[in-house]
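See below for the structure under consideration.
Chain letters run A, B, ... following the sequence lines, proteins first, then strands; residues in each count from 1.
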Amino acid sequence: MSLSKIAKLLNDGQPSQEVEVAGWVRTKRESKQSFAFLELNDGSSMTGLQVIVDDAVPGFADSIKAITTGASVRVAGKLQESPGKGQRIELHAARLNVLGTADAQTYPLQKKRHSFEFLREIAHLRPRTNTFGAIARVRNALCAAIHNFFQSRGFLYIHTPVITTSDCEGAGTMFQVTTLDLAKLAQLKTEIDYGQDFFGKQASLTVSGQLEAEIFACSTGDCYTFGPTFRAENSNTTRHLAEFWMVEPEMPFYELKDNMDLAETFIRTILSDVLVACPEDMEFFNLRIEKTILETLRNIIDNDFIRLPYTEAIEILEKSGQEFEFPISWGVDLQSEHERFLTEQHFQQPVILYDYPRGIKPFYMRCNDDGKTVRAMDVLVPRVGEIIGGSQREERLDVLTERMQECGLEAEDYWWYLDLRRYGSVPHSGFGLGLERTLLLLTGMANIRDVIPFPRTPKNAEF
RNA sequence: UCCCCGAUAGCUCAAUCGGUAGAGCGAGCGGCUGUUAACCGCUAGGUUCAAGGUUCGAGUCCUUGUCGGGGAGCCA
């Protein structure tokens, strides 16, 4: 007999049905009248299956004694309607095998509340909790929704390299990749010769797949990358990771407005898909993590985003009468207090800011005719802040090289990127969505370290 | 990296002016029970983050370090 998933049995299991399940015991409620209740969870759903074991089961006494919170068991038996409250059906065991015990004296996950900080220290066990099981399922559903969104629109999934030798957009400090003997080099105290390194030049982990995605946008058409991204910034916040996952679509013939339209449809679609795919987990987040999360998501899904040029945002902030720690004026980048004011107080919904001053944005963004702004756009959402950053790309060779000089970049380092403008250049656009930030938005979780299975942050790469 | 706060039982926290280290949860044992955050009783459980200093005496005060949390910057 093959194993059934508990999620499926809870959903459509019928009384008298013979089934076999396996999983981990969450709680045992023992009766001295020769039977016990087990709550069994196999990770397929939030709710576990109630298992009734009585002394007709071979080895009953020994098994029940061996079972504690965290033990793994395999149970065969018959489903029955449950006379108790709280569940439709339950499993009456005929056979029970204890696969692995969990010493209650040392097993850290006992049946009590644990802080997220504590659970972070036992990242190898935390997926066995309600919250982290739900996060794993929601994260999976979100990834599926993302692929589905692009696949259903004919976008190609492009695998851009994780190791790169181009300093991309200068978007933050990069992790160096090397096979050079660092201990030896430290002793020699000479200039490092990267010609001797594995790739014959300095290499790093990617900070963005955008430049490579542009290659495919300008050949095979609409495409997206979706993979891990690395930033060696010493960021210690609830919204930054050294290793995070980013979705980066890139579309030829899209101008800024098309880009914003896609970004907005994209966010609303994937949020909506996850609500449909994970109703039980989302209910849990709404109940236990953030009381307004479902309402907030509904509001985002059902209403158009606000679209606001940077210049108008500055005017709103200047007229707001708010006391800001960082004074606002045209030309400075918005601080998070400003973003929060716009999304959480003034508009109380997602805001797409666009047409930013060229001085605060990278070289590849298309210059507007006013000579002052570029066709950049950021999607800001309540509670999380910036969730998407994107732009129309500069497709004019002369303007692009000029901008690179302005930003202090060497044209020869980007020869292949410039070739895209030299041969058959087209207007094109794209954006990057932070997967973990989207999960913060979706789940109401407060710390980004809790929505990725194994967080990488300064001083932390255990597991 | 900067600012603020913290580190005491397995977990979450208390400990008054510097004077014998406490509770809840969890765990163990017993009882009770178609239970479900089970319930009732009892018991065990401590190098107070580390190193140094002040003091008759330090969980408590001082210095340095490590780690954690919140905020800021960098950004997705």
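Distances shorter than 4.0 Å separate some side-chain N or O of A/Arg340 from OP1 or OP2 on B/rA72. When the side-chain nitrogen and oxygen atoms of A/Arg113 are compared with OP1 and OP2 of B/rG26, none of them lie within a distance under 4.0 Å. For A/Gln50 and B/rU35, the shortest distance from a side-chain N or O to OP1 or OP2 is not below 4.0 Å. Not one side-chain nitrogen or oxygen of A/Thr237 sits closer than 4.0 Å to the OP1 or OP2 atom of B/rC75. Between A/Thr27 and B/rU36, a side-chain N or O to OP1/OP2 separation shorter than 4.0 Å is absent. A/Arg239 has a side-chain polar atom (N or O) that falls below the 4.0 Å cut-off from OP1 or OP2 of B/rA72. Proximity of A/Ser336 to the phosphate of B/rG73: a side-chain N or O atom is located under 4.0 Å from OP1 or OP2.
Note on A/Glu90: a base of the nucleic acid sits closer than 4.0 angstrom, heavy atoms only. A/Phe326 comes within 4.0 angstrom of sugar-phosphate atoms only, judged by non-hydrogen atoms across all strands, and of no base. Nucleic acid contact for A/Ser235: base, since at least one base atom lies under 4.0 Å from a heavy atom of the residue. Counting non-hydrogen atoms under 4.0 angstrom, A/Gln87 reaches a base of the nucleic acid. If you check every strand for non-hydrogen atoms under 4.0 Å, A/Pro108 touches nothing. Among the protein residues, A/Ile388 comes within range of the sugar-phosphate backbone only, with heavy atoms under 4.0 Å from sugar or phosphate atoms but none that close to a base.
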Revision key, fill the gap. Each base of RNA chain B marked ( ) or [ ] if paired in-strand (Watson-Crick or G-U under 3.5 Å), | if paired to another strand and . if unpaired gives (((((((..((((.....[..)))).(((((.......))))).....(((((..]....))))))))))))....
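One interatomic measurement links the two molecules: CZ of A/Arg120 to C1' of B/rU12, which rounds to 16 Å at whole-angstrom precision. With rounding to whole Å, A/Asn236 atom CG is found 14 Å from B/rC75 atom C1'. Atom CG in A/Asp54 sits about 17 Å away from atom P in B/rU33, given to the nearest Å. At whole-Å resolution of the value, CZ in A/Phe118 and P in B/rG10 are 10 Å apart. As a whole-Å value, the separation of A/Gln110 CD from B/rU12 P is 14 Å. Look at CG on A/Leu10: it is 19 Å from P on B/rU36, rounded to the nearest Å.
Of the P atoms belonging to B/rA72 and B/rA15, the separation is 29 Å, rounded to the nearest Å. For B/rC5 and B/rA76, the C1' atoms lie 28 Å apart once the distance is rounded to whole Å.
Heavy-atom nearest nucleotides on RNA chain B were determined for A/Asn447 and for A/Gly434, and the one closer to the 5' end corresponds to A/Asn447. Each of A/Phe244 and A/Pro458 was assigned the nucleotide of RNA chain B with the nearest heavy atom; the assignment lying further toward the 5' end belongs to A/Pro458.
The side-chain heavy atoms of A/Leu435 and A/Phe244, taken from C-beta on, include no pair separated by under 4.5 Å.
Using modelled atom types and a 3.5 Å distance limit, the side chains of A/Gln202 and A/Ser204 yield no donor-acceptor pair.
Classified by interplanar angle (parallel below 30°, tilted 30° to 60°, perpendicular above 60°), the ring pair A/Tyr356/A/Tyr310 is tilted.
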